[in-house]
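These notes are about the structure you will find just below.
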Amino acid sequence: MADYILNTWYVAAWSDEVTNKPIRKMICEQSIVLYRISDDQAKALADRCAHRAFPLSKGRMLGDSIECGYHGFIYGPDGRCTKVPGQTTLPERAVVRSYPLHEKDGWIWVWMGDDPADADPSDIPDTHWMNDPNWASVEHSLQVDCRAELVHDNLLDLTHESFLHKTTVGDDYIYEYGITVEVDDNVVLVDRLMPSVPAPPLYADTMGIDGNWDRFHATEFFVPNNLTLHSGITAEGAPRDEGYLIKVLNAITPIDAHTCWYYYSFARNFAVDNVEATEQLREGLGLVLEEDKDALEAQELGMQTRPGQEFDVLIAQDGGVAKARRIHQALLKKEAKEREAKEPRRPGAPANTKPIGAAARRQAQKAAAAGAGRSAAESTTSAEAMGTAAGGR
Amino acid sequence: MWMLERANSLSAAPTMPDGSRVLAANPDSAERGDPWRWSITLHTSPDGVSTSVKTDESFVVHTVELLDEIHCSTVLTRCTGDVIVVAVKTGDALITVPDGPWQRRIHPGDSFVLEGEVNETIRVELTDTQSTATVYCLTPTRTAALRWVP
Ligand code: FES
Ligand SMILES: [Fe+2]
């Protein structure tokens, strides 16, 4: 299994995808079944029957329970088996993992970390723009056959608009303006102010404006999975919160090492009742996302065939990308350390520096039996608020 | 590019057992490969906080300026191709741009780096008489601009 940051909330589905008919989603190589119980609460269980691993998503709902479609084990919403056909005793291990789940503003978030006690919904970034009458939003989601990190890079470095999206949303001048990168805890903000430029067509057409405006876009990356793009135009020199604003929510959920889900919501605070503009945006943004998908999938192939001794040639515009990658690595390392600390060690067994389940344990046991004689003591271990609402520089 | 990295950033270099931590450096990863090497380190000891700079002088030369109460407000001009690093030693400092609303307050452990091919100006204001900051200016010796990727 590839390395994933698991102690976080990932978007697993749109709210309206999840009904009383179970569906299957793969997140970080873990298959999950999502469904709703009678009080409309959404539930997430491991999509693998404890009996013999048949997907529960191929089963059926019986009230608030889910019945495996293979041999009929029945599981309650907490993942515990409540019935085994043909016997009254329930095997102790007949339980499937239940994932903490939180539903907000149209997205279903699932906590992938080992310890449900760590799952704090207040860690989920603000998404209210999807669900606010003062904003109009259009949504898209797509599976992209590339590693999630390539989508992060794509959104942190919007100079690609001038090239990849030349015929859709691109403007030649974007890369000519410098960026300000800010790094605080696990958040990377890449802010670009483009002062005194003509209003891009979306604003000009819907608002009937012309002349020059201050344009900005700022990608706020909550590493490892959510990127909020704050963009807009303001009258020259005016504070950002007085502008025509756009909030683009991008939730990137790894499926496996080379595939991810891209959940997208584009909300605007202008021409909110302009239904025609909304429909045009839905279509136009769909095309833009297809351009990104094509590029990202081609880039993934490039990555897979690139010789090991070749690395990205990062430039100053990639300052945010470089920092985000470091944070990603730091989070992975932290989780690996925590897992290692939790892994029980047998006295006299050699260090298991890579605790990856039964195979590793068997290997460790074998080594211990071979009389390496190392003591347990020799064990080694491996391993300001956005733009001050007053505009960037 | 401007880079403001807060002391609590998860991408910050780790603190060494002697209390030192690299605030900013180029290159600080094996695969980057730029020849112009420099690093600025923050040292924390019971006596207080200090900073130091290391450069490969065949590629980068530097100047250091200590800002204290005499310079309660200083305009810094970064010349074409130079890199400027601002680090606070005590108290805090306010960074502002002369022609815009952008401003940030920085504290000990934060680093503020400016780089780019055209010159530019910022203002550093010390918050009170207890505040001190160090400004490093790095100049390339063999190339027109010292571009920086963190
Ligand atoms: S210019 Fe970015 S991949 Fe070629
Ligand atoms: Fe794009």
Side-chain angles (χ1 to χ4, degrees), chain A residues 5 157 176-193 195 214 216 218 221-224 234 236-240 308-334 384-385 387-393, chain B residues 1-15 22-34 36 78 80-83 92 94-107 109-123 145-150:
Chain A
I5 294 164
D157 177 10
E176 286 169 14
Y177 294 91
I179 49 170
T180 301
V181 180
E182 291 184 57
V183 195
D184 194 341
D185 198 24
N186 71 322
V187 182
V188 178
L189 177 72
V190 179
D191 188 301
R192 188 187 315 268
L193 175 67
D214 286 350
F216 64 93
F221 182 14
F222 303 88
V223 184
T234 64
E236 288 175 87
R240 284 193 182 177
Q309 70 278 16
E310 280 183 24
F311 301 100
D312 284 359
V313 180
L314 296 188
I315 56 170
Q317 292 277 7
D318 299 315
V321 169
K323 284 292 176 191
R325 289 182 182 176
R326 296 267 170 79
I327 294 178
H328 195 97
Q329 287 307 317
L331 288 171
L332 277 174
K333 216 168 160 182
K334 180 168 168 267
E384 208 138 69
T388 55
R393 69 183 162 107
Chain B
M1 191 241 315
W2 292 2
M3 168 80 65
L4 169 53
E5 181 161 44
R6 296 295 180 185
N8 70 335
S9 153
L10 295 188
S11 66
T15 301
V22 173
L23 274 186
N26 181 78
D28 56 358
S29 69
E31 72 261 25
R32 200 58 56 67
D34 296 331
W36 43 85
R78 190 184 56 72
T80 304
D82 285 357
V83 171
D92 51 30
L94 184 70
I95 313 263
T96 59
V97 278
D99 57 346
W102 192 90
Q103 58 174 56
R104 293 290 186 272
R105 197 168 287 285
I106 63 170
H107 312 273
D110 298 345
S111 65
F112 185 55
V113 184
L114 301 91
E115 68 86 58
E117 289 177 9
V118 283
N119 53 350
E120 59 190 347
T121 302
I122 57 158
R123 182 185 295 276
L146 199 60
R147 294 316 303 262
W148 180 61
V149 187

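Scope of the values below: all heavy atoms of this structure, side chains included, with no hydrogens, waters or symmetry mates. Chain naming here is simple, since letters A, B, ... match the order of the sequence lines and numbering starts at 1 in each.
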To the nearest 0.5 angstrom, please state how far the [atom1] atom of [X] sits from the [atom2] atom of [Y].
X        : Y        : atom1 : atom2 : answer
A:Asp191 : B:Trp102 : CG    : CH2   : 9.0 Å
A:Asp318 : B:Met1   : CG    : CE    : 9.0 Å
B:Leu4   : A:Leu189 : CG    : CG    : 10.0 Å
B:Met3   : A:Lys323 : CE    : NZ    : 5.5 Å

Close side-chain approach of A:Asp185 to B:Leu10, heavy-atom, < 4.5 Å: yes
Chain B contact via A:Ile327 - side chain, backbone, both or neither, heavy atoms under 4.5 Å: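 Its backbone and side chain both get close to chain B.
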Option that, when pairs with chain B are counted at under 4.5 Å, heavy atom only, ranks first among A:Ala316, A:Ala322, A:Ala330: A:Ala316
Side chain to side chain contact (heavy atoms under 4.5 Å, CB included) partner of B:Ser11, chosen from A:Val183, A:Val188, A:Val223: A:Val183
Segment of B:Glu5 engaging chain A (4.5 angstrom heavy-atom cut-off):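 Both parts, backbone and side chain.
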